[in-house]
**Q** 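Got a structure for you, questions after.
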Amino acid sequence: MTTKTMPSPVQHTPPGPLRQCAPRPIPPDWPTTTDPWTGQVCLLLGTVVDALVMRAGLAAEVNHNLACSLLQAPVVIVPATAAGRSDDWIFLTGPRTALRQSTVADLLSAKVGWYEPGKALPLPGDIPAPGKPRWLSGRAKATLPPWGAVVGAVRRTCSRAW
């Protein structure tokens, strides 16, 4: 009679600090840089990818409005740092387009902001640490919604609320 030895089961170790900082795979055409001091992967905004930032309450409604239009934007949630302040949601979009002054005024009155071209936006890792930025859901998509579509969703959301 022969005995067959079973291979030992694969042992999974909990993720260490390096695993927690590992970035999600991002599309290869997105311009990125790595912070030499922290190793953090940062997205360079203004050419291929741009971003709109807003408070969580409005952002959730805008995200729903985009979903109703069959669009989805990658969203980075930045936790609030001060008491009584809500989280910020950063919608990643396609390149910025020119806006009319009335549209800029609408965005500013809704407290929606955007970044200067060339700004390096730190991307969250796979496993978010408490109090650190995290992805809303899913991975970064290769196809970003147009800047104008997200701006339009903000305006539609605000016009329904007022």
Side-chain angles (χ1 to χ4, degrees), residues 10-67 69-99 103-104 107-108 110-155 157:
V10 176
Q11 298 208 342
H12 296 282
T13 56
L18 291 177
R19 172 73 175 114
Q20 291 176 349
C21 294
R24 290 179 179 270
I26 59 170
D29 62 332
W30 287 15
T32 58
T33 186
T34 303
D35 185 318
W37 293 279
T38 65
Q40 178 77 42
V41 175
C42 298
L43 182 62
L44 296 174
L45 301 174
T47 55
V48 176
V49 182
D50 219 312
L52 285 165
V53 60
M54 60 196 84
R55 296 283 184 241
L58 173 63
E61 293 181 42
V62 169
N63 197 40
H64 176 73
N65 196 308
L66 283 172
S69 301
L70 302 178
L71 293 172
Q72 182 183 16
V75 177
V76 176
I77 299 177
V78 180
T81 54
R85 198 174 144 214
S86 67
D87 295 346
D88 285 336
W89 286 23
I90 302 171
F91 286 78
L92 301 181
T93 71
R96 187 178 313 181
T97 56
L99 300 174
T103 304
V104 171
L107 292 176
L108 293 176
K111 297 182 179 164
V112 174
W114 50 91
Y115 296 99
E116 292 296 319
K119 165 79 172 161
L121 176 69
L123 293 175
D126 275 338
I127 303 171
K132 298 288 184 184
R134 66 187 186 281
W135 291 104
L136 175 63
S137 64
R139 295 176 178 243
K141 307 277 188 242
T143 305
L144 294 166
W147 167 270
V150 180
V151 169
V154 170
R155 294 183 83 193
T157 300

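The shown structure was predicted, so the numbers you read here are calculated from the model rather than taken from an experiment. Scope of the values below: all heavy atoms of this structure, side chains included, with no hydrogens, waters or symmetry mates.
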**Q** How long is the span from the CZ atom in Arg55 to the CG atom in Asp88, to the nearest 0.5 Å?
**A**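 It comes to 4.5 Å.
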
**Q** For the atom pair CG (Leu45) and CH2 (Trp30), what is the distance rounded to the nearest 0.5 Å?
**A**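 Answer for the CG-CH2 pair, Leu45 versus Trp30, is 10.0 Å.
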
**Q** Rounded at 0.5 Å granularity, tell me how far OG1 in Thr93 sits from CH2 in Trp147.
**A**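 Those atoms lie 5.5 Å apart.
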
**Q** Restricting to non-hydrogen atoms, name the atom on Ala51 and the atom on Leu92 that form the minimum distance, rounded to 0.1 Å.
**A**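 Closest pair (atom of Ala51, atom of Leu92, distance): CB-CD2, 4.1 Å.
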
**Q** Which atoms form the tightest heavy-atom contact between Val48 and Pro31, and what is the distance?
**A**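 Val48 and Pro31 have their closest heavy atoms at CB-CD, 3.9 Å.
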
**Q** Evaluate Leu52 against Val62 for side chain to side chain contact (heavy atoms under 4.5 Å, CB included), listing each step before the verdict.
**A** CA-CA 11 Å; Leu52 285 165; Val62 169; over 6 Å; no

**Q** Under the side chain to side chain contact (heavy atoms under 4.5 Å, CB included) rule, what do Val76 and Trp135 come out as? Steps first, then yes or no, please.
**A** CA-CA 5 Å; Val76 176; Trp135 291 104; 3.7 Å; yes

**Q** With a 4.5 Å limit on heavy-atom distance, are the side chains of Val112 and Arg155 in contact?
**A**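 Side chain of Val112 against side chain of Arg155, heavy atoms only: no contact under 4.5 Å found.
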
**Q** Among all residues two or more places apart in sequence or in another chain, which pass the side chain to side chain donor-acceptor pair (under 3.5 Å) test with Arg96?
**A**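 For Arg96 the side chain to side chain donor-acceptor pair (under 3.5 Å) partners, ignoring immediate neighbours, are Asp50.
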
**Q** Go through the steps for Leu99 and Leu107 under the test side chain to side chain contact (heavy atoms under 4.5 Å, CB included), then give the verdict.
**A** CA-CA 10 Å; Leu99 300 174; Leu107 292 176; 3.8 Å; yes

**Q** So does Leu123 get a backbone contact from the side chain of Gln40, meaning a donor-acceptor N/O pair under 3.5 Å?
**A**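 Here the side-chain-to-backbone pair exists.
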
**Q** Please tell me if the side chains of Trp89 and Val53 come closer than 4.5 Å, counting only heavy atoms from C-beta onward.
**A**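 Side chain of Trp89 against side chain of Val53, heavy atoms only: no contact under 4.5 Å found.
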
**Q** With the side chain counted from C-beta on, respond yes when Pro122 and Asp35 share a heavy-atom pair under 4.5 Å apart, and no when they do not.
**A**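 Heavy-atom side-chain distance check fails, nothing below 4.5 Å.
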
**Q** Roughly how far apart are Trp114 CH2 and Ile90 CD1, rounded to 0.5 Å?
**A**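 CD1 of Ile90 is found 15.0 Å from CH2 of Trp114.
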
**Q** Which residues pass the side chain to side chain donor-acceptor pair (under 3.5 Å) test with Thr34, not counting sequence neighbours?
**A**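 Per chain and number, Thr34 pairs via side chain to side chain donor-acceptor pair (under 3.5 Å) with no residue.
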
**Q** Would you give the length of the straight line joining atom CG of Leu66 to atom CD of Glu61, rounded to the nearest 0.5 angstrom?
**A**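 Leu66 atom CG to Glu61 atom CD measures 12.5 Å (nearest 0.5 Å).
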
**Q** In Å, rounded to the nearest 0.5 Å, how long is the span from CG of Leu136 to CZ of Phe91?
**A**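 It is 8.0 Å, given to the nearest 0.5 Å.
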
